[in-house]
Every structure is written in C-alpha cells, then in structure tokens.
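Position 1 is the first residue of the sequence, and the numbers go up from there.
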Amino acid sequence: MIRSIPLNHLPLLGGLILSLLGLRSALADGDAPPSLAGGIPIHMVEHAGVARVAEPMTFAVPLAKTDGVTSTSELILLGPTGKPVHAQFRVQQRWNGKPGDASKPVRWLLVDVQASVAADAEVLYTLRKKNADDKLPKKKPKLKVKQKPSWIKIDTGAAKFTISAKTMNFIERFAADLDGDGTVASGEKLISAPADAGFILTDRFGAQYSSTACDVELQVEEKGKLRTVIRADGRHGPVEAGGGIGRDFFMYRTRFTFYAGKPYVRVQHTIRNAYLDDPLGSIGFEGYTIRTRLASGLTGLAPLATTFGLGGALSHVVEGAARLYQDSDGGDSWALSSGTTFRGFRVYNGAETQVASGNQAAGTMHVGTGQAGLSVVMRDLFENFPKGFAFNGQDLLQIKPFPSEFGTFHWLDDGQQKTSDFLLAAHGAALPDQDAVTNMFQQPLHPYAEPEWIRLSKAWADQGDLDKPAASDAQMISYDVGQLNQVYNQAFSHSSYAFGWSEFGEPTWAKNTHTTGSPRNRLTYFDRFAVTGSYTAYRINELFALHSRDIRPYHILGFSKETHPQATLWEGLPVWSYSVDKLGRDQLDPALDPHRAGIPTGGHGWNSFDVEHMTVDDVYEYYLMSGDLVCLDALNEIGECMRTWLIYNPAKAPGSTRGVGWAMRSLLKIYQVTGDERYLGSANDLLTSVANTYGQAASPLTGLVYHYVTAYPPHPNHIPDDEFDMPWQLAVAIYGLLLHHRETGSAVSREIALDVADYIVDYAWNGVAMNEALAVEDHNHINYKGDNTGINTWVPSALALAYREYARADYLYIAQYMFNSIPGLTDPVTYNGYLTYHWWHSYRALILGY
C-alpha cells in the first residue's frame with residue numbers, strides 16, 4: 001500500500017514539511033547502539049551517606065538485539081579496577097521469544113554482585129562480552145544447598161540454615177560464625193524452633209491456626225553462586241483439630257533468599273486469600289504473627305536486651321521482655337484510618353509500662369547482648385501500619401504483620417494477598433555491624449546501566465523509545481523515607497490521605513477504576529529512573545508496584561481458563577454479573593458470616609482491573625528491574641484472569657476500542673516475561689477479532705481504506721444520533737497493535753494500526769485540535785472537546801508511534817502541535833509525571849524529535 005500526504009494538510013504544514021521530514025531519520029530507524037564488546041557502564045551510586053561493604057546488589061541491564069547474546073555464559077562483569085568479579089546472571093526477557101528460548105537474543109538481564117561503595121560516592125562496574133583471557137578471582141563465593149525429603153539446608157559460609165519440609169515452623173535452625181573463627185559451631189545457634197513456632201493466625205473469636213498444622217511444599221526456586229531462593233507453600237490449619245472454622249484459614253507463600261558469605265536471610269512472607277476451590281470469601285481475623293524461639297547460643301548469654309529503632313539515629317533499649325507497636329503511620333493525618341487509636345508507635349516493657357514513643361519507627365529490633373544477637377529489619381514498617389515486634393525476655397521472638405493490638409479486626413478481600421519483607425540477621429563481634437545491615441536492607445542501592453545505553457538499546461517499554469532529558473531535569477521530587485506525607489501530598493497529589501497497609505503505595509483516587517477512569521493507565525512507570533538513575537524515581541514507582549502486586553484482588557492459586565472455561569474474571573473476585581462459573585463465590589459457607597461481619601460491601605475498595613482501565617506496567621517493570629518473584633506470580637495470575645474476558649471472539653467485534661489496546665499490551669508483556677504462549681494466543685485472538693470485524697470507509701482524498709475499531713452506539717455525551725469511535729481510544733488501540741507487531745512481526749497488526757492513525761489524522765483533526773468523537777459512517781459528523789485530557793495526551797504519543805513505523809509527516813506534525821498546545825506544559829507534566837498524567841513519557845522522544 002502506497003501512503004501519501006492528503007492535500008488538505010499542505011497549508012497547515014507549509015514550510016514545516018521539509019524541516020519535519022529532515023528530522024533525524026533515527027525517528028524511524030533509531031540510532032545504532034554501541035557494541036557490547038566495548039562494555040556497558042554500570043553506575044553504583046551511594047545515596048544514604050552509609051558506606052557499603054560487599055553488599056549484595058541485584059539490578060537489571062538491557063541488551064541490544066544487535067549484540068545477539070543468547071547465553072549468559074557469553075558475559076562477564078568487571079569491577080571498578082577493570083578486573084572480572086563474580087556475578088550471577090538470569091535472563092528476564094528475550095527479543096521476540098520466551099525467556100527460556102536460548103535461540104533468541106537476551107533483551108533484559110538480571111545481575112547479582114556483591115559490591116563496595118563509600119558513603120556518598122559512586123563506582124563504575126562494566127558488563128561486556130567475555131574474552132578468552134578473562135579470569136575470575138580464585139576465591140569463589142560460598143553458597144551451598146542440600147536437599148532431602150525432610151529438609152533443605154543452606155550454608156552461606158557465614159551462617160547455616162535449615163528449613164523443614166515436615167512442618168513449616170519458619171526457620172528450624174539458624175547458626176552463624178559469631179566468633180569469626182571460620183566455622184559455624186553447634187554452640188553458635190541463634191534459632192532452634194520447636195513445634196509452637198511458625199506462622200500463627202488468630203481468628204475473631206480467639207481460635208488459632210498454625211502453619212505447622214498443615215503440610216508444606218518446599219522447593220529450590222532459584223539457585224546461584226551468589227543468591228539462592230527457597231520457596232515454601234502451605235496453609236494455616238486449626239491448632240486444635242476441628243477447632244475454629246474447622247478448616248484452614250488462608251494460605252501462605254514464603255520466599256527465603258540467602259546470599260553467599262552473609263549471616264542473614266531475606267524473608268518475603270505472603271499471606272494469601274487466594275482460594276480456587278472452597279473459598280473463604282472476604283474474611284476478617286484478629287491478628288497474625290510470625291513466631292520463632294532463640295537457641296541456647298543466645299539464651300545462655302542472658303540477661304538479653306531488646307533494642308528498637310525509633311527512627312533516624314534514635315533507639316531504645318529494654319532489658320527483658322519488650323514490645324513495639326506501630327498503630328498508625330505517624331503522619332499528620334494518622335487519625336483518618338478507622339481502628340487507629342494514637343499517632344505513631346509506642347514501646348512497652350515486660351510490665352506493660354510505656355517506655356518510649358514516636359511517630360515512625362525504623363522497623364528494626366535487635367535481641368541479644370554486646371557479644372551476639374539476632375536482628376529483624378522490616379521494610380516499610382510504619383507505612384504499612386499496623387505492625388509490631390515482641391520479645392518475651394527469654395526465648396520467644398514475634399514479628400507481627402497484623403498485630404492483635406489494633407483497634408479493630410483485620411481482613412483480606414477475596415483474591416487478595418499481602419507480603420511482609422524483612423531480614424533476619426545474626427550479629428556478633430566478627431560479623432557486620434547491625435546498623436550496617438539495617439541500612440543495607442532499608443535503603444538498598446539500585447545500580448543502573450548507563451542511561452544513554454538504555455536509550456540506544458531500544459529495549460525499554462513498548463517500542464524502545466526513551467526521553468533524553470537535560471541535566472537540569474534529572475532531579476525529581478525529593479524523597480525522604482521518614483516523611484511519607486511529602487510523597488503522598490506532592491508526588492501523588494490526591495485530595496484524601498492514603499493510609500494503612502491496604503492503600504500504601506497508591507493514591508485513593510485510583511480506586512473504583514471501573515466507574516471513575518484510572519490514572520493508573522501509564523505506558524511506563526520506571527522511565528525516569530531509566531534515564532536519570534534517580535533513586536527517588538525508583539522508590540516512588542516501587543511503591544506503586546508493591547501495591548499492585550499484592551492488594552488488587554486477582555490472586556487465585558491454581559486457576560486457569562482451561563479448568564474453568566465458564567468463569568469470567570472481569571474485575572477479580574467475586575464477579576457474579578458476567579461469570580457463569582462463580583468459582584463457588586455464590587455458595588460461601590454461611591457459618592463464616594460472623595467472621596465477615598463489619599467488612600464494608602466494597603471490602604478495602606480496590607477492584608483489580610477491567611478491560612478499559614488497566615496496565616501491568618508497574619508490576620512488569622518492577623519485575624524486570626528487581627527480579628522480584630512475587631511480581632512474577634502476580635503477572636501470571638493477572639494473565640489467567642484476563643484470558644477469561646469475553647473479548648477474544650474472532651466472530652464478534654470488540655466491545656471497547658481502548659480495551660483492545662490495554663488488553664493486548666498487558667497480555668504481550670505478561671507473555672514476554674513468563675513465556676506462556678497462552679497469553680500470546682489470547683493477544684492473537686484479540687487481533688483476529690479486530691481484523692475480522694472492524695468497519696471501513698475509503699478516503700475521498702487518498703483512496704485508501706481507513707478503519708475504526710468499535711462502532712459505539714449513539715450517546716448524548718459523544719454523538720447522540722450516530723455510531724461513533726473516539727480518537728483517544730483509537731490511540732490506545734495503536735499502542736497495543738504496534739506492540740504486537742514489534743513482538744511478533746505481524747503485518748496485520750501494523751497495517752491496522754497505521755490505518756487507524758490515518759483515520760484519526762484525515763477525519764478527526766480539524767486543523768487546530770483533535771475532535772473527541774466522530775461518526776463511523778458520516779466522518780464529518782464530529783464532537784469537539786478541546787479540553788479532553790485523554791485526547792491531549794494519548795493521541796500525540798500514538799501518532800508518534802505511527803510515525804516510527806511509517807514516516808507520514810502529518811503524524812509527527814499533529815503530535816508536536818498537540819504536545820505544544822497542552823495547557824500548563826511545565827516540568828511536572830513532562831518530567832515528573834506524578835502531578836498530572838504519565839501516559840506517554842516513553843514517546844516524548846519521538847514527539848520532540850530526539
């Protein structure tokens with residue numbers, strides 16, 4: 001098909017035609033990335049004023065398709081001196097193929113290394129192709145794993161751990177080289193867990209349920225020379241047989257991450273209301289605690305003292321029994337959340353006398369003496385209130401993800417989960433200082449590849465286009481971990497305060513996306529981090545990802561479309577109006593009603609997604625950046641829900657134009673990181689339904705055929721007496737279609753996307769603005785809304801994408817014209833993206849002509 005410029009646009013373009021066509025041809029073809037043989041600089045920037053010594057770091061590096069790296073064995077990491085260092089690699093994504101397809105080039109690589117960086121300093125590492133004379137240091141990292149039917153044992157060189165496969169009592173054994181003699185002796189045990197340890201849930205009527213009462217499934221999920229992950233899956237059963245509700249109460253999935261040479265373990269503990277069969281529904285409980293007992297290696301050093309971090313450099317020491325309870329987030333608006341009774345946290349001694357208080361606890365507890373001890377360090381403690389720690393003064397240590405001290409009960413919505421992320425670390429005279437370990441975990445470094453390399457690799461986002469900001473634009477809203485109010489009020493800019501574990505990380509106005517529209521529909525989340533390396537840019541978007549990963553109710557363990565073909569999981573669970581198969585949600589046990597009493601009809605208020613309001617960009621990009629396996633679980637579960645939607649029918653037109661784009665983008669991204677061809681198959685089915693059913697009309701100007709996607713019925717807010725489609729929704733379809741083309745090479749998705757772009761340009765553009773809707777039969781029948789934000793942001797980026805595929809000057813001209821016409825085009829709009837809309841940042845590069 002020959003494409004031409006319609007004559008009606010020549011007066012508008014005027015003298016701009018030549019200059020626009022003369023813009024760098026890189027807009028269509030892209031600058032060639034430098035060869036990987038020369039190496040990719042990796043920046044490690046210390047941002048917390050704390051020296052890092054052999055700190056485990058995990059980060060992501062994109063590789064260009066042209067480098068053709070198919071195996072991690074081709075790569076090596078060089079330290080600051082230019083000499084090879086030990087590193088661990090994992091393929092996150094490949095170019096146009098599954099992560100496990102070794103014939104396809106690597107696109108995103110996850111790298112683990114242990115690095116040292118002085119306080120407030122920066123060091124450079126280099127990733128490049130391996131040479132024949134490259135030699136790794138002779139001293140190899142020590143990280144050994146042994147597995148038998150009844151246990152998995154891990155030896156890091158500095159500590160030894162045992163995880164039981166018979167009963168999940170948390171960590172059965174933990175010993176460390178406390179005296180620094182190079183061996184871990186039996187007398188250096190810190191934990192020796194009896195049967196009453198483990199994960200304990202207490203229901204609203206006092207009955208207890210324990211992880212030790214049910215079977216556990218253990219597996220080595222990831223094994224490497226620097227980092228190894230053990231996963232435990234199980235349920236909480238009644239402590240008294242037949243007691244309580246007479247069955248299990250919630251599932252758990254716990255990941256233990258061990259590091260070579262380190263005396264600690266990272267624990268990601270997820271409590272899940274994720275039942276496929278025999279569901280509980282949304283249900284409340286009184287409290288939830290993780291219990292362990294100290295071994296004689298510590299208890300023999302009595303009297304023991306507990307040190308709690310109070311925030312900043314402050315701490316408080318309590319001899320004997322002690323507990324810390326964080327009731328609210330400690331901010332100015334702490335009282336907005338029901339159940340909170342006071343601002344911040346309080347510390348109590350064994351006599352239950354308050355001995356300290358403050359607003360935002362640091363999330364640390366150290367139990368022991370000056371000789372040795374055990375530390376617990378929890379991330380995001382006050383932000384995810386209520387939280388707590390307790391020690392009985394003898395041997396019982398408790399971590400409280402859902403403290404019973406809270407003023408009301410807790411609940412999980414059906415299909416919801418919550419993850420607690422903490423470190424369990426030994427400290428002693430010969431081990432790293434407990435404060436250094438705390439800082440490492442609370443404020444980890446996030447190394448990043450040279451931003452120019454990321455841009456030129458074309459590995460980012462849908463089409464690989466990233467902005468190149470000026471140096472002055474590299475800074476974003478300042479982020480202080482001790483002042484969450486600033487992040488909420490300035491970065492999220494919402495009118496009501498977001499509070500508590502369920503809402504932390506996302507503004508309250510993103511709720512009920514099926515009725516209000518959604519500011520969550522973004523084309524990318526971590527792009528500012530990618531082009532600046534800003535810790536702030538990473539951290540703020542991490543909060544969004546952690547929120548989406550957990551509390552949106554799409555978690556259903558074991559669900560698939562194949563096993564439940566009549567289920568339609570439109571907005572997570574429960575969904576009754578569309579689904580023939582209710583997955584038992586219409587037959588919940590009425591005996592559990594007292595456990596559900598008082599839960600609002602809308603639960604915590606978060607629907608999961610729907611076809612018109614969704615992206616997976618936050619969870620997807622966070623997985624690429626961090627390798628977080630909880631996110632990978634979430635992406636799989638989102639994809640399984642999406643495959644049930646009633647939009648993949650080749651004989652039926654899609655019900656929503658933007659739904660085509662959002663669903664296709666999400667399905668393809670999930671496929672890219674999971675390699676599950678069923679998600680690609682659903683995207684292909686969606687393309688077929690569009691290709692088979694969209695309407696068409698020949699352009700009187702060019703003779704070409706232009707396509708709309710959905711013929712919406714007449715509507716008083718759009719076109720009251722004619723079927724119509726809308727440019728801002730067609731723009732979203734372009735996003736999805738061109739991502740499909742990029743991933744699969746399909747000529748069909750490319751041609752439809754360009755026809756839709758022509759349709760927008762030739763019929764919806766009035767010379768100075770884009771019309772909001774146009775009739776599909778009479779293209780002169782239009783509706784104009786000049787202040788429509790969707791038009792002003794979605795359409796320019798879509799036309800810029802179309803220009804990337806076909807250099808029709810109108811596409812770029814209109815994109816630039818609209819971009820420059822946005823009211824209040826200021827730094828927050830174009831760079832920060834958190835004060836207004838953030839849909840199109842990855843395509844500014846095209847719009848502005850980079």
Side-chain angles (χ1 to χ4, degrees), residues 39-61 76-88 110-128 136-137 139 141-142 156-158 180 226-227 259-264 266 309 311-315 362-364 366 375 377 379 423 425-454 471 474-476 478-482 529-539 542 625-626:
I40 306 172
I42 309 297
H43 299 264
M44 297 188 180
V45 181
E46 207 294 310
H47 55 77
V50 179
R52 314 298 177 116
V53 180
E55 181 173 315
M57 299 181 192
T58 303
F59 57 94
V61 181
I76 198 161
L77 187 68
L78 309 180
T81 64
K83 295 181 179 180
V85 296
H86 289 288
Q88 181 175 320
L110 194 72
V111 182
D112 280 276
V113 69
Q114 294 188 5
S116 297
V117 187
D120 299 316
E122 177 180 357
V123 297
L124 282 179
Y125 279 61
T126 304
L127 179 74
R128 64 162 168 78
L136 290 169
K139 186 178 180 180
K142 184 173 182 180
T156 70
L226 291 177
R227 180 174 56 85
Y259 303 91
K262 301 303 177 186
Y264 47 73
R266 178 188 182 187
L314 300 177
S315 63
T364 62
H366 308 293
S375 301
V377 185
R379 290 201 78 194
L423 198 75
H427 65 264
L431 296 178
D433 178 80
Q434 60 192 31
D435 291 335
V437 173
T438 296
N439 288 323
M440 175 272 298
F441 189 64
Q442 294 280 30
Q443 301 186 69
L445 300 193
H446 294 287
Y448 59 95
E450 175 66 37
E452 187 68 1
W453 168 270
I454 298 178
Q475 298 300 316
M476 297 180 63
S478 61
Y479 179 84
D480 181 344
V481 72
F529 171 71
V531 298
T532 66
S534 163
Y535 171 72
T536 302
Y538 187 96
R539 179 58 177 150
E542 181 181 39
M625 297 294 96
S626 68

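Here the closest non-hydrogen pair linking Pro447 and Phe529 is O-CZ, 4.2 Å. Here the closest non-hydrogen pair linking Leu110 and Ser626 is CD1-C, 3.8 Å. For the residue pair Leu136 and Val85, the shortest heavy atom distance occurs at CD2-O, 3.3 Å. Gly39 and Pro41 get closest at one heavy-atom pair: O-CD, 3.7 Å. In terms of heavy-atom proximity, Ile454 sits nearest to Ala449 at CD1-O, 3.6 Å. Across Ala158 and Pro263, no two heavy atoms sit closer than the pair CB-N, 3.9 Å.
Between Met57 and Pro444 the shortest side-chain heavy-atom distance does not fall below 4.5 Å. Between Lys262 and Pro56, some side-chain heavy-atom pair lies under the 4.5 Å cut-off. Under the 4.5 Å side-chain criterion, counting only non-hydrogen atoms from C-beta, Gln434 is not in contact with Thr364. Counting heavy atoms from C-beta outward, Thr58 and Arg227 have side chains that approach closer than 4.5 Å.
For the atom pair CD1 (Ile42) and CG (Leu124), the distance works out to 9.0 Å, reported to the nearest 0.5 Å. With values rounded to the nearest 0.5 angstrom, Asp120 atom CG is found 5.5 Å from Glu46 atom CD. Distance CE/Met440 to CD/Glu55: 6.0 Å, rounded to 0.5 Å. Here the straight-line distance linking atom CH2 of Trp453 with atom CD1 of Ile40 works out to 4.0 Å at 0.5 Å rounding.
Checking each of His86, Gln88, Met44 against Val113 for a side-chain contact (heavy atoms from CB on, under 4.5 Å) leaves exactly one that passes, namely Met44.
Ring geometry, His446 versus Tyr535: the interplanar angle falls under 30°, so the pair is classed parallel (tilted spans 30 to 60°). Note on ring orientation: taking the six-membered ring where Trp is involved, the planes of Tyr448 and His43 are parallel (angle under 30°, cut-offs 30° and 60°).
Panel note: side chain Gln443, backbone His47; no donor-acceptor pair is recorded below 3.5 Å.
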Test side chain to side chain contact (heavy atoms under 4.5 Å, CB included) on Ile76 and Arg128; report intermediate values, then the result.
CA-CA 6 Å; Ile76 198 161; Arg128 64 162 168 78; 3.8 Å; yes
